[in-house]
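Structure, as structure tokens:
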Number of protein chains: 2
Amino acid sequence: MVASREQIARAAIRRLNADPAASMAEIAESAGVSRATLHRNFASREALMAHLGRMSTESWTQVLDDAGLAEAVADGSPEALRAAIDRLCHHNIRDVEEFGFVLTEHVVFEQDDELAQVVERCQTREQEFYAAAQKAGVLRADLPPVWIGHMSYGLLVGLREALRRGDVAVRDAERLLRESFLRGCGAS
Amino acid sequence: MVASREQIARAAIRRLNADPAASMAEIAESAGVSRATLHRNFASREALMAHLGRMSTESWTQVLDDAGLAEAVADGSPEALRAAIDRLCHHNIRDVEEFGFVLTEHVVFEQDDELAQVVERCQTREQEFYAAAQKAGVLRADLPPVWIGHMSYGLLVGLREALRRGDVAVRDAERLLRESFLRGCGAS
DNA sequence: ATCGTTTGAGACAAGCTTGTTTCATTCGAG
DNA sequence: CTCGAATGAAACAAGCTTGTCTCAAACGAT
């Protein structure tokens with residue numbers, strides 16, 4: 001069995017998604033390798049967490065790229081911005097399914113300055129996009145972009161919990177996220 | 001110094017809000033008592049957590065009572081239900097400020113069956129209220145009540161994070177929560 | 001088949017956390 | 001003031017986790 005570094009990392013993510021407090025021994029077991037091999041690939045738990053954090057932030061960056069935020073902002077038309085929001089919801093869902101546990105594990109980022117910077121850059125990108133969407137009249141202007149970012153984060157946490165408990169089907173997730181984000185629960 | 005059980009519990013909450021992984025020694029220090037006294041009041045960490053969990057669920061129950069959900073459902077008028085939603089947002093905010101760390105510490109509840117039942121009862125109460133609000137046309141009917149519950153939870157997590165990082169002022173919290181919950185971020 | 005590499009199992013030390021106990025000190029009610 | 005109760009400091013054992021190391025076995029390319 002050739003257990004590559006990345007395979008181990010993916011197994012670690014799966015395990016930590018189910019049990020955020022899993023020990024290195026438990027992670028190794030989930031990955032189907034011995035504790036020794038796990039440590040040969042990741043010198044310490046901190047190193048493993050840093051790697052997972054990096055994977056997570058890279059995935060987030062990828063989400064923002066895939067959603068075409070920059071292009072939508074450059075375009076500036078309401079249609080382009082609206083479409084970007086839809087894509088953002090779409091890609092965020094796969095991100096949540098994959099890296100869910102990172103959402104509430106702030107410790108991962110607080111340890112590593114470099115990682116914290118990437119996170120902040122992603123947040124800034126998002127907020128600038130939200131601000132552009134406000135300017136174009138796609139998002140309401142009476143909510144601070146920074147709050148819209150936190151709200152979006154919160155909705156993802158709630159969605160993850162709903163999926164984890166089986167209260168929401170994956171196929172409904174995108175619609176619920178988009179509708180809740182854009183229109184809320186109030187009857188129009 | 002008379003350090004009552006409840007004073008210690010409150011100090012523990014404050015500490016755990018700032019550092020969810022705090023050890024018993026750190027909690028004792030934050031409470032201004034020795035480790036021995038902490039253990040005299042709470043035989044084990046599990047017992048302390050169970051007590052904090054109980055406080056949290058009692059507070060949640062109190063929030064639902066104070067918001068007058070049952071009365072609003074009995075009344076049934078859109079105005080009464082709308083007012084109850086406002087009160088729910090209002091009381092939820094003080095709950096989040098106080099018991100924030102519990103939001104993402106599911107472990108607290110998964111340990112204790114009795115606690116898990118109380119949580120479920122609170123969730124059911126909320127969802128029944130949401131269903132009534134949908135029936136009265138106050139909340140849109142195309143979102144499952146169970147999702148509205150998770151969404152509300154998610155918004156509270158996001159709000160807590162926003163408050164914790166100083167991105168949102170306490171005085172704005174209620175309005176942001178209410179507006180986001182009811183109308184979302186999309187421009188009408 | 002062979003040789004170098006990778007792996008697993010296990011032992012090991014170190015550190016931290018938890019929970020208990022002891023004992024001297026302090027507090028507070030009477 | 002006095003005495004019982006509560007407290008703090010310290011030591012202690014036990015358990016878990018982390019990280020290292022060794023060695024034999026399995027693997028894989030040649």
Side-chain angles (χ1 to χ4, degrees), chain A residues 1-56 101-102 104-115, chain B residues 1-56 101-102 104-115:
Chain A
M1 165 88 68
V2 183
S4 77
R5 191 176 153 91
E6 289 313 308
Q7 280 177 313
I8 293 175
R10 274 194 293 272
I13 288 173
R14 275 195 301 275
R15 176 68 192 232
L16 290 168
N17 266 329
D19 173 16
S23 69
M24 291 293 273
E26 291 167 329
I27 292 172
E29 189 193 347
S30 293
V33 300
S34 69
R35 222 155 60 80
T37 298
L38 175 56
H39 270 95
R40 282 185 193 108
N41 283 275
F42 298 97
S44 66
R45 168 177 259 268
E46 199 179 342
L48 171 61
M49 290 304 178
H51 189 255
L52 299 188
R54 224 168 305 132
M55 287 173 72
S56 162
F101 84 98
V102 179
T104 49
E105 292 295 305
H106 309 192
V107 194
V108 179
F109 301 111
E110 285 162 4
Q111 306 268 351
D112 188 329
D113 275 357
E114 190 193 326
L115 231 50
Chain B
M1 164 89 67
V2 183
S4 76
R5 191 175 153 91
E6 289 314 308
Q7 280 178 314
I8 293 175
R10 274 193 291 273
I13 288 172
R14 276 194 300 274
R15 177 65 192 234
L16 289 168
N17 266 330
D19 173 16
S23 69
M24 291 292 273
E26 291 167 330
I27 292 171
E29 189 193 348
S30 293
V33 300
S34 69
R35 223 154 59 81
T37 297
L38 175 55
H39 271 94
R40 282 183 195 111
N41 282 275
F42 299 97
S44 66
R45 170 176 257 266
E46 200 180 342
L48 172 61
M49 290 305 179
H51 189 255
L52 299 188
R54 224 168 305 134
M55 287 173 73
S56 163
F101 84 98
V102 180
T104 49
E105 292 295 303
H106 309 194
V107 195
V108 180
F109 301 110
E110 286 163 4
Q111 306 268 351
D112 189 327
D113 275 356
E114 191 193 325
L115 231 51

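Letters A, B, ... are given to chains in the order of the sequence lines, protein chains preceding strands, and every chain is numbered from 1.
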**Prompt:** Axis-to-axis angle across the helix from C:dA1-D:dT30 to C:dG30-D:dC1, five pairs an end, to 10 degrees?
**Reply:** 30°
**Set of side-chain hydrogen bond (donor to acceptor under 3.5 Å, both in side chains) partners for B:Glu6, sequence neighbours left out** = B:His51
**Message:** I need the full list of ring-ring contact (aromatic ring centres under 6.0 Å, His included) pairs touching residues 9-39 of chain A, with sequence neighbours left out, sorted by first then second residue.
**Reply:** none
**Request:** Mind calculating the distance between CE (A:Met49) and P (D:dT17) to the nearest angstrom?
**Result:** 13 Å
**Message:** I need the full list of ring-ring contact (aromatic ring centres under 6.0 Å, His included) pairs touching residues 9-31 of chain B, with sequence neighbours left out, sorted by first then second residue.
**Reply:** none
**Message:** Between A:Ser56 (side chain only) and A:Leu52 (backbone N and O only), is there a donor and an acceptor less than 3.5 Å apart?
**Reply:** no
Using a cut-off of under 3.5 Å, enumerate the N/O to N/O pairs linking the protein to nucleotides 18-23 of chain C.
{"residue": "C:dT18", "atom": "OP1", "partner": "B:Arg45", "partner atom": "NE", "Å": "2.6"}
{"residue": "C:dT18", "atom": "OP2", "partner": "B:Met24", "partner atom": "N", "Å": "2.8"}
{"residue": "C:dG19", "atom": "OP2", "partner": "B:His39", "partner atom": "NE2", "Å": "3.4"}
{"residue": "C:dG19", "atom": "OP2", "partner": "B:Arg45", "partner atom": "N", "Å": "2.8"}
{"residue": "C:dG19", "atom": "N7", "partner": "B:Arg35", "partner atom": "NH1", "Å": "3.0"}
{"residue": "C:dG19", "atom": "O6", "partner": "B:Arg35", "partner atom": "NH2", "Å": "2.6"}

**With sequence neighbours excluded, residues passing side-chain hydrogen bond (donor to acceptor under 3.5 Å, both in side chains) with A:Ser34** = A:Thr37
**Request:** Not counting sequence neighbours, which residues clear side-chain hydrogen bond (donor to acceptor under 3.5 Å, both in side chains) with A:Arg35? List them please.
**Result:** none
**Asked** Starting at CD of A:Glu29 and ending at C1' of D:dT17, how long is that distance when rounded to a whole Å?
**Response** 15 Å
**Item:** All side-chain contact (heavy atoms from CB on, under 4.5 Å) counterparts of B:Ala50, not counting sequence neighbours
**Value:** B:Arg54, B:Asp112
**Message:** Measure CG/B:Leu38 against P/D:dA6 and give the value in whole Å, please.
**Reply:** 17 Å
**Prompt:** Does B:Ser34 put a side-chain nitrogen or oxygen below 4.0 Å from OP1 or OP2 of D:dT7?
**Reply:** no
**Request:** Go through the structure and list residues passing side-chain hydrogen bond (donor to acceptor under 3.5 Å, both in side chains) with A:Thr104, not counting sequence neighbours.
**Result:** none
